[in-house]
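Working notes for the structure below.
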Amino acid sequence: MSAAWGALGRGLWAAAAALALGALLGAWRWGGGRRRGAAGGGRGGRRERVGTVSGLFVYPVKSCRGVAVPRAQVTPMGLRSGELRDRFWLVTKEDGHMVTARQEPRLVLVSVGCEKGCLTLNAPAMEKLCFPVNLSRKNPVRNCRVFGLDIQGRDCGDEVARWITTFLNTEPYRLVHFEPSMVPRKSKDVINLFRTTDEVAYPDCSPVLILTEASLEDLNTRLEKKVKMENFRPNILVTGCSAYEEDSWEDILIGDVEMKGTVCCARCILTTVNPDTGVLDRKEPLETLKSYRLCDPSERHLYKSSPLFGRYFAVDKTGTIQVGDPVYKIVQ
């Protein structure tokens, strides 16, 4: 009798051990999709719906027109749709310094697309240009500077350089492409509130920028001449929430993607470039934003005198999102 009970006890102990091991393996698998070192991966808390994704945008060439997409992968370095990756191409001067619509406002008139493994460029009075996304290893790798930080890019070739130079008609320019084997820039080197794991290619500082339709609508009530979402170049546009609600989002969930709010987006004269004409105004909507969207004095060391509009996010868990997805914030 005692032997039977001993066997039963050993069987129960083995079953309990198997259940515990299964739970541990399950937890490991569940956490495995999160980015290594990401703060808050697998965070607890209650989900609260705050809106709906109404637009997704990838900007393959920095400062050129964005591409609206119905769905996108969210990678640690930003949105991706097929071969199009967010700000993985950069216009530079011949010495490698970046060129944006701050210096060449007509860049916003250049449309970007992708056809059969080739990037396409189109602009007013120009013939469409196609060139490979995956460039020949014979093309030189150039050393570039983006907001004072070093980063590399593979040159897209003389034909592309002539096309951009001809369209802008000011000085010689090149186009470079960031490749996965290259070393990205650390967001933390631009704004200290980012984490050491947050990295970007050619964006200003962050993998993802989110803006709400309500914020844009509120701004337009204060302007004589309305502005468009294109003035502000968000990656994710959200509807169904109140104006500037995005300022307070810390941890959010869209689809299977988790993102961490970092800082608000401090705006500059690029917002005053008319996306339809490529004309730099230098005043609106920046002056109006400065009248009511300056930071709290305690945050002036971060934002200085720049008005805030939209919020930057880092990626904790990668995945896919699409237009129509609900947006949740995690409430602790």
Side-chain angles (χ1 to χ4, degrees), residues 32-41 53 55-64 66-69 71-92 96 98 100 112 114 119 133-135 141-154 156 175-211 233-237 251-263 265 310-322:
R34 282 172 178 76
R35 194 168 170 212
R36 188 181 302 170
V53 175
L56 294 171
F57 306 92
V58 179
Y59 304 86
V61 181
K62 188 176 180 68
S63 277
C64 294
V67 181
V69 297
R71 58 191 288 121
Q73 292 174 268
V74 181
T75 78
M77 292 176 64
L79 268 60
R80 176 175 189 167
S81 177
E83 298 281 7
L84 298 179
R85 301 198 63 173
D86 193 67
R87 296 165 173 102
F88 263 49
W89 285 264
L90 175 73
V91 178
T92 72
M98 74 169 183
T100 72
V112 184
C114 191
L119 202 73
V133 169
N134 298 313
L135 298 164
V141 172
R142 296 186 179 273
N143 295 318
C144 307
R145 297 278 285 179
V146 177
F147 290 108
L149 297 176
D150 292 328
I151 189 168
Q152 290 183 319
R154 190 174 297 277
C156 294
L175 187 72
V176 298
H177 179 219
F178 183 86
E179 296 178 341
S181 61
M182 295 174 177
V183 178
R185 293 158 52 241
K186 296 284 188 182
S187 298
K188 193 175 181 67
D189 290 340
V190 183
I191 298 176
N192 194 45
L193 291 181
F194 283 95
R195 304 163 303 196
T196 54
T197 51
D198 300 327
E199 298 173 332
V200 290
Y202 305 133
D204 287 6
C205 63
S206 175
V208 178
L209 174 62
I210 295 181
L211 183 65
R233 306 174 71 78
N235 297 112
I236 302 174
L237 191 63
D251 300 308
I252 66 169
L253 176 69
I254 307 175
D256 54 355
V257 173
E258 292 180 9
M259 287 181 280
K260 178 79 173 176
T262 306
V263 291
C265 181
R311 186 164 175 81
Y312 284 130
F313 285 78
V315 179
D316 278 354
K317 182 174 180 286
T318 61
T320 301
I321 61 178
Q322 58 188 6

Is a side-chain donor or acceptor of Asn235 paired with a backbone partner of Leu209 at a separation under 3.5 angstrom?
yes
Between Ser187 (side chain) and Cys205 (backbone), is there a donor-acceptor pair under 3.5 Å?
yes
What are the two closest non-hydrogen atoms of Gly66 and Tyr59, and how far apart are they?
CA-CD2, 3.3 Å
Starting at CG of Leu253, measure out to NZ of Lys317 and round the result to the nearest 0.5 Å.
8.0 Å
Nearest heavy-atom neighbours spanning Val61 and Val91
CG1-CG2, 4.2 Å
Can you tell me how the ring of Phe178 sits relative to the ring of Phe88, calling it parallel under 30°, perpendicular over 60° and tilted otherwise?
perpendicular
What's the separation between atom SG in Cys64 and atom CZ in Arg87, rounded to the nearest 0.5 Å?
11.0 Å
Please find the pair of heavy atoms, one from Ile252 and one from Phe313, that lie closest to each other, and give the distance.
CD1-CE2, 3.7 Å
Lys/Arg N to Asp/Glu carboxylate O, Arg195 vs Asp316, below 4.0 Å
yes
Reported NZ-to-OG distance for the pair Lys260 and Ser206, which is rounded to 0.5 angstrom
13.5 Å
I need the minimum non-hydrogen distance between Ile321 and Ile254, along with the two atoms involved.
CG2-O, 3.3 Å
To the nearest 0.5 Å, atom CD1 of Ile210 lies from atom CD1 of Ile236 at 4.0 Å
Pairs touching residues 71-85 that satisfy salt bridge (Lys or Arg N to Asp or Glu O under 4.0 Å), sequence neighbours left out
none
Are Val257 and Thr318 close enough, and set up right, to give a side chain to side chain contact (heavy atoms under 4.5 Å, CB included), and what steps lead you there?
CA-CA 5 Å; Val257 173; Thr318 61; 6.0 Å; no
Please answer whether the main-chain N or O of Pro60 pairs with a side-chain N or O of Tyr202 as donor and acceptor at a distance below 3.5 Å.
no
Minimum heavy-atom distance Val200-Pro207, with the two atoms named:
CG1-N, 3.6 Å
For Trp89 versus Cys156, what's the shortest heavy-atom pair and its separation?
CD1-SG, 3.9 Å
Would His177 and Leu119 count as a side chain to side chain contact (heavy atoms under 4.5 Å, CB included) if you check the C-alpha gap in whole Å, the side-chain angles of each, and the deciding distance to 0.1 Å?
CA-CA 11 Å; His177 179 219; Leu119 202 73; over 6 Å; no
To the nearest 0.5 Å, tell me how far Glu179 CD sits from Asn134 CG.
8.0 Å
CZ (Arg233) and CG (Asp86) are apart, to the nearest 0.5 Å, by 9.0 Å
I'd like to check Met98 versus Phe147 (side-chain heavy atoms, cut-off strictly below 4.5 Å). Are they in contact?
yes
Decide salt bridge (charged side-chain N to carboxylate O under 4.0 Å, His left out) for Asp204 and Lys62; before the verdict, give the C-alpha distance in whole Å, the side-chain angles of both, and the deciding distance to 0.1 Å.
CA-CA 9 Å; Asp204 287 6; Lys62 188 176 180 68; 2.6 Å; yes
Looking at Arg185 and Glu199, is any side-chain nitrogen of the basic one under 4.0 Å from a carboxylate oxygen of the acidic one?
no
Restricting to side chain to side chain contact (heavy atoms under 4.5 Å, CB included), what partner residues turn up for Asn143, sequence neighbours left out?
Gln152
When you measure from the side chain of Lys188 to the backbone N and O of Asp198, does any donor-acceptor pair fall under 3.5 Å?
no
